[in-house]
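Written out below as C-alpha cells is the structure these notes cover.
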Amino acid sequence: MRRPNTVIEDARVLTADFLPKRMVHRNAQVTEIKRNLEPILDDGTPRNMLLYGPPGTGKTTMAEYVVDELKKHSSNVVSGSVNCWRYPSRFKVYYNLLQDFGTNIIHRTGTPTDELVDKFKSKVGNRPSIVILDEVDQIEDERILYDFARESNTALIMIANKETALYDFDDRIRSSLEGTKHVRFPEYTKEQLVDILEDRVKWGLRDNAVEKSMLHRIGNRADGDARIAINALRIAAERAEAEESEEISQEVIENALPAAEEENKSKSIDQLNRHQSVLYEIIEEHGEIKPGELYEEYSDEVEDPKVKRTVRKYLSKMDHYRLINSEGEGRWRTYMLQS
DNA sequence: ATTCCACCGGAATAGCGGGATA
DNA sequence: TATCCCGCTATTCCGGTGGAAT
C-alpha cells in the first residue's frame with residue numbers, strides 16, 4: 001500500500017514547464033502578445049513578435065499560455081512550437097511543426113525537406129496559425145523565417161535571449177520581418193519570484209508544508225530566474241518527501257538551490273558525446289586552458305581524435321549549452337568551466 | 001613596418017546511413 | 001540487388017584577426 005504524501009500534493013505543478021491557470025507579474029507582456037495575435041481571430045493579419053530576455057523570465061511559458069487561451073476562443077486556430085537550438089535545420093523545424101499541427105508523418109531519412117514544406121502549407125491552408133520559434137537565433141536556414149513572414153495568416157512568435165537576435169540575418173529576411181513587435185521580459189525581482197513560488201506551493205504542496213521565509217531564501221538566490229526557483233522548490237519538496245518529513249526544512253532548501261543549478265548542467269552533460277566529454281574533463285582538470293594545449297591533451301587522450309575544426313565546433317556547442325566559457329580571441333583565448 | 005603565427009569560424013565538399021525506386 | 005536520393009556530420013579549405021617576432 002502506498003503511504004500518503006507528506007509534502008507534495010500535485011507534482012506536476014512543481015515543474016517549470018507546467019502552465020498555471022493564471023500568470024503572475026507578466027500582465028503587460030501577456031496583454032501585448034494577445035493584442036498582436038488577436039487579429040488572427042477575424043481573418044486579420046497578426047503582428048509578428050520577438051520575445052526577448054534572459055533565461056527563466058517566462059518567454060516560452062507566456063507565449064504558450066496566450067496561444068492556449070486563444071485556441072479556447074477559436075477552435076479553428078492551429079499552432080506549433082519548435083526549439084531551434086535542438087532542431088535547427090529546415091527539415092527538423094517543419095518536421096516538429098507538422099507533429100504539433102497533428103499531422104502524422106512517417107520519418108524516412110530520404111524525405112526531401114520541400115515535401116515537408118508542401119505538406120505543411122496544405123495542412124495550414126487558409127486557417128489562422130501560430131508558430132513559436134524558441135531560440136530563434138540558432139536557426140540554420142533563414143528561409144524558414146522568410147516563408148512564415150510571407151504568410152499573412154500565420155503569426156510568428158520568435159523567442160531569444162537578446163533583442164539583437166535578428167540583426168545577423170540578411171537584409172531580405174530582416175525586411176520581411178519589418179514591423180515585428182519586440183516584447184521585453186526583464187528578470188523577475190526577488191519578490192516576484194516569491195509570488196510565483198507561492199502560487200505553486202498553493203496548488204502543488206500540502207498546507208503548511210513550507211514556510212514563507214523559505215520561499216524568500218529561494219527568491220534571493222535564484223538570480224531572477226523562475227526556472228531555477230521552481231526547480232529548487234521541487235527538489236526540496238522531493239527530498240522532504242523522501243525523508244517523510246511534513247515540512248520542508250531550511251537545510252533542505254539550502255541544499256536544493258545548488259542542486260537546481262546542477263540539474264541544468266548535468267542534463268546538458270548527458271547530451272555530450274565521448275569527444276565532447278573528454279574536452280569537458282580536460283577543461284575541468286585545468287580550470288583554465290589555452291586552445292593549443294587543450295587540443296594536444298585531447299588528441300593524446302582519445303585514440304581517434306577529431307580534426308581541429310571539429311573540436312572548435314564542439315567547443316562552441318558546449319559554450320552555448322553554458323557548460324564552458326571562453327575569454328579572449330584567437331590563440332589568446334582561454335577556455336574554462338562555466339562558473 | 002612587415003611578416004609570422006596560432007587560432008577563429010564561414011563555406012564548400014566528402015562520406016555515411018538508410019529508405020525509395022527500378 | 002543495385003542505384004539514387006536526402007539530410008547530417010565531419011573534414012577540407014581558406015580569409016580574417018591581432019599580438020609577437022624580425
Minimum heavy-atom distance A:Leu70-A:Leu41, with the two atoms named: CD1-CD1, 4.0 Å
Do you know the tightest heavy-atom contact between A:Ala237 and A:Ile8? CB-CG1, 3.9 Å
Would you indicate what [X] reaches in the nucleic acid, counting non-hydrogen atoms under 4.0 angstrom: base, sugar-phosphate, or nothing?
{"X": "A:Lys313", "result": "base"}
{"X": "A:Ser89", "result": "sugar-phosphate"}
{"X": "A:Tyr295", "result": "nothing"}
{"X": "A:Tyr87", "result": "nothing"}

From A:Ile283 CD1 over to A:Leu337 CG, what is the distance, rounded to the nearest 0.5 angstrom? 6.5 Å
If you take any heavy atom closer than 4.0 Å to DNA chain C, which residues from residues 268-284 of chain A end up in contact? none
Within the structure, does a side-chain N or O atom of A:Thr310 lie under 4.0 Å from either OP1 or OP2 of C:dT9? no
Would one find a side-chain N or O of A:Arg333 under 4.0 angstrom from OP1 or OP2 of B:dG9? yes
Interatomic distance where [atom1] belongs to [X] and [atom2] belongs to [N] [whole Å]:
{"X": "A:Arg312", "N": "B:dC7", "atom1": "CZ", "atom2": "C1'", "value": "6 Å"}
{"X": "A:Trp332", "N": "B:dC4", "atom1": "CH2", "atom2": "C1'", "value": "11 Å"}
{"X": "A:Arg143", "N": "C:dG7", "atom1": "CZ", "atom2": "P", "value": "10 Å"}
{"X": "A:Arg86", "N": "C:dC8", "atom1": "CZ", "atom2": "C1'", "value": "17 Å"}

Salt bridge or not between A:Glu262 and A:Lys265? Use side-chain N to carboxylate O under 4.0 Å. no
Given the side-chain rings of A:Phe18 and A:Trp203, with only the six-membered ring counted for Trp, is the space between their centroids under 6.0 Å? no
Close aromatic pair by centroid cut-off 6.0 Å: A:Phe120 and A:Phe148: yes
Whether the side chain of A:Arg90 and the base of C:dG7 hold a donor-acceptor pair under 3.5 Å is what I'd like checked. no
